[in-house]
Amino acid sequence: MTTPEAEKPKTAEATPAAVFVRPEIMTKRSDFLAAAQGRRMALAGFHLQARFRDDGSDAVRVGFTCSKKVGNAVARNRAKRRLREIARLVLPTCARPGWDYVLVGRRDATAAADFAQMQSDLKAALGKIHK
RNA sequence: GCGGAUGGCUGGAUGACCGCGGGCCCUUCGGGGCGCGAGGAAAGUCCGGACUCCAAGAAGGCAAGGGUGCCGGGUAACGCCCGGCGGGGGCAACCCCAGGGAAAGCGCCACAGAGAUCAGACGGCCGUGCUUGCACGGUCACGGUGAAAAGGUGGGGUAAGAGCCCACCGCGGGACUGGUAACAGGACCGGCAAGGCAAGCCCCACCCGGAGCAAUGCCGAAUAGGGGCCUCGCGCGGGCGUGAUCGGAGCGGCAACGCGCCCGAUAUCCCCGCAAGGACGCCUGAACCCGAGAGGCCCGGGUUGGCAGCUGGAGGCGCGGUGGUAACAUCGCGCCUAGACGAAUGGUCAUCCAAGGGGGCAACCCCGGGACAGAAUCCGGCUUACAGGCCAUCCGCGCAA
């Protein structure tokens, strides 16, 4: 399952902290609760929560939260899919090993925000939250 | 053409790049290829089932509780569907109805009014008496109140009136006729009986055991470090004597409860050469597991992971035939269409298409943007939400012929 997608690292040297590993998907409720106790940052299209697990593992894990506050089932699914897509595009180059990240959807904003803007927001936010 | 009624369909299209979840095939285990992947409501979880477990021999009866409620048919079943009946609405097509019982019983019916279910005499009318405007009696044709005042119209009749009598209408009963039935018609009889609410309780008929896929089965993990008492076996094995049972004090345990050095009391005598410690194994057998034979009760503690169930079914769809007014049944041929579990079915971009807005005589141009909504064991229904578009049949009006 953990398949290193290390093909053609064009910009790998520019960000030494990057890991070219597909993030694992978090499924345990306790992991989500722990991440919510970590660092958090609010952005236009979503919220970002992050936590350094400090358990010796280098794995990067990511989870998505879209509660009923986001809307009905259709709205929640759409928000989660867009979050999943920007995570898929951004995390392999900007995540740090050993960290958990949780992206939280916001009502209307997550579905309506500009997709390119959300990608760059996530990159910038990851840079800040690691400090 | 305008307005309306009913039934049904659709509910963005194409392409590019990057992805996701199952399946099948190949693999040098890095991966690669092929194909499939949301809805008419997937929704609400309101009914009915399939399936699984539990309980109870099967099945039935009774009680409680719940549901259904014109008749006939359809269906696996239904509170669903179809066809009728009755009542109501509409010019009509057509639509709506919680539509059993009010002579089993209880309860309720405000206000107004003289009187509201044992009906009733306020005014008025009539009679008698006298103190000439009052008393007693008769009367509901008239007035007034009300949703409703013991049917309506006309005539006779009377002191005045009244189904008091008569005709017609209405009402009640009803032989008989038609219909499977609901029901419809109705000779004839009765001067005419007392209302409504059963979505207030209730009565009657019929239906319903409980829990649900987090069902259920298998395998792990974890806690504990092998908890206690009572009852009952089978095979192998073979029988404890410093023993057994009861009581006391004592000791142990969070507890349920246990232990047996010591003391006292009581009854009994099976087996035995040794191994011998009452250990081990098997059968039967769980409503989560530890739990190790089974069952019951109690004490303490622990898990929420994997696989199966999981999608082929009272199947669906298309075409055609047969029976039926129809729902539907049945036959033939062909095709097969999601199975996830923090839960895939997507992200971005481009070009079109329809609704909407603006400009223009027009062709056309610009803006703009996609209804309700996301499977979770599976079916049959119902209900609710839904931008816009399309089709068929029918009705009314108008115009033309």
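Proteins get letters first, then strands, A, B, ... in listed order; numbering begins at 1 in each.
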Going by purine N1 to pyrimidine N3 plus the second Watson-Crick contact, or the G-U wobble pair, all under 3.5 Å, which nucleotide sits opposite B:rG305? B:rC219
Atom CD of A:Q119 and atom P of B:rC349 are separated, to the nearest Å, by 11 Å
d(A:F46 CZ, A:T110 OG1) to nearest 0.5 Å is 8.0 Å
Nearest-angstrom distance, P atom, B:rC165 to B:rC204: 43 Å
On RNA chain B, check which nucleotide each of A:R82 and A:C66 is closest to and give me the residue with the more 5' one. A:C66
Nucleotide paired to B:rA211 in any strand shown, Watson-Crick or G-U, under 3.5 Å: B:rU52
Checking one value: the base orientation of B:rG40, syn if chi is within 90 degrees of 0, otherwise anti. syn
Starting from C1' on B:rC18, measure out to CD on A:E85 and report it in whole angstrom. 7 Å
Nearest-Å distance, CG (A:L91) to C1' (B:rG347)? 15 Å
Whom does B:rC134 pair with, Watson-Crick or G-U wobble, provided both distances fall under 3.5 Å? B:rG129
Is B:rG225 paired to anything, Watson-Crick or G-U wobble with both distances less than 3.5 Å, and if yes, which nucleotide? none
C1' atoms of B:rA256 and B:rC299, separation to the nearest Å: 5 Å
Is there a side-chain contact between A:R84 and the phosphate of B:rG342, meaning an N or O under 4.0 Å from OP1 or OP2? no
Paired with A:R78, the side-chain contact (heavy atoms from CB on, under 4.5 Å) test is passed by just one of A:R82, A:R76, A:R81, namely A:R82
Rounded interatomic separation in angstrom, taking CZ from A:R78 and P from B:rA344: 15 Å
Nucleotide paired to B:rC259 in any strand shown, Watson-Crick or G-U, under 3.5 Å: B:rG250
Just N and O in the side chain of A:R81: are any of them under 4.0 Å from OP1 or OP2 of B:rG374? no
Using the purine O4'-C1'-N9-C4 or pyrimidine O4'-C1'-N1-C2 torsion, is B:rA38 syn (within 90° of 0) or anti? syn
Contact nearer the 5' end of RNA chain B, comparing A:K80 with A:R88: A:R88
Please name the nucleotide paired to B:rG115 by Watson-Crick or G-U wobble geometry with both distances under 3.5 Å, or report none. none
Measuring only between side-chain heavy atoms, which start at C-beta, is A:V104 closer than 4.5 Å to A:C66? no
Please classify the glycosidic conformation of B:rG22 as syn (within 90° of 0) or anti (everything else). syn
Once you round it to whole Å, what is the distance between P of B:rC349 and CZ of A:F115? 9 Å
Would you say A:V102 and A:T65 make side-chain contact, with heavy atoms under 4.5 Å? yes
Are the side chains of A:D121 and A:I86 in touch, meaning some heavy atoms are under 4.5 Å apart? no
Mate of B:rA181 across any strand shown (Watson-Crick or G-U wobble, both atom pairs under 3.5 Å) is none
Base-pairing assignment for B:rC283 (Watson-Crick or G-U wobble, both under 3.5 Å): none
Which way is the base of B:rU131 turned, syn or anti, if we draw the line at 90° from 0? anti
Expressed as a whole number of Å, how far does the P atom of B:rG8 sit from that of B:rC94? 15 Å
Return the minimal non-hydrogen interatomic distance between A:F115 and A:L89, and the atom names on each side. CE2-CD1, 3.9 Å
Using the C1' atom on both, measure B:rG39 against B:rC201 and round to a whole Å. 47 Å
Rounding to an integer number of angstrom, what distance separates B:rG157 and B:rG88 when you compare their C1' atoms? 44 Å
Please give, in whole Å, the distance from B:rC349 C1' to A:L89 CG? 14 Å
Length of the CZ-P vector between A:R76 and B:rG374, whole Å: 8 Å
To the nearest Å, give me how far apart CG (A:L122) and C1' (B:rG347) are. 15 Å
Checking B:rG342, B:rA373, B:rU348 against the side chain of A:T65 (C-beta onward), the nearest is B:rG342
Can you find a pair of side-chain heavy atoms, one from A:R39 and one from A:R51, that are under 4.5 Å apart? no
Is the base of B:rG305 syn or anti, if syn means a glycosidic angle within 90° of 0? anti
When you compare the side chain of A:Y101 with that of A:R96, does any pair of heavy atoms fall below 4.5 Å? yes
Inter-nucleotide C1' distance (B:rC372, B:rA43), Å rounded: 10 Å
Could you measure between the two P atoms, the one in B:rC125 and the one in B:rG143, and give it in whole Å? 15 Å
Inter-nucleotide P distance (B:rU325, B:rC319), Å rounded: 24 Å
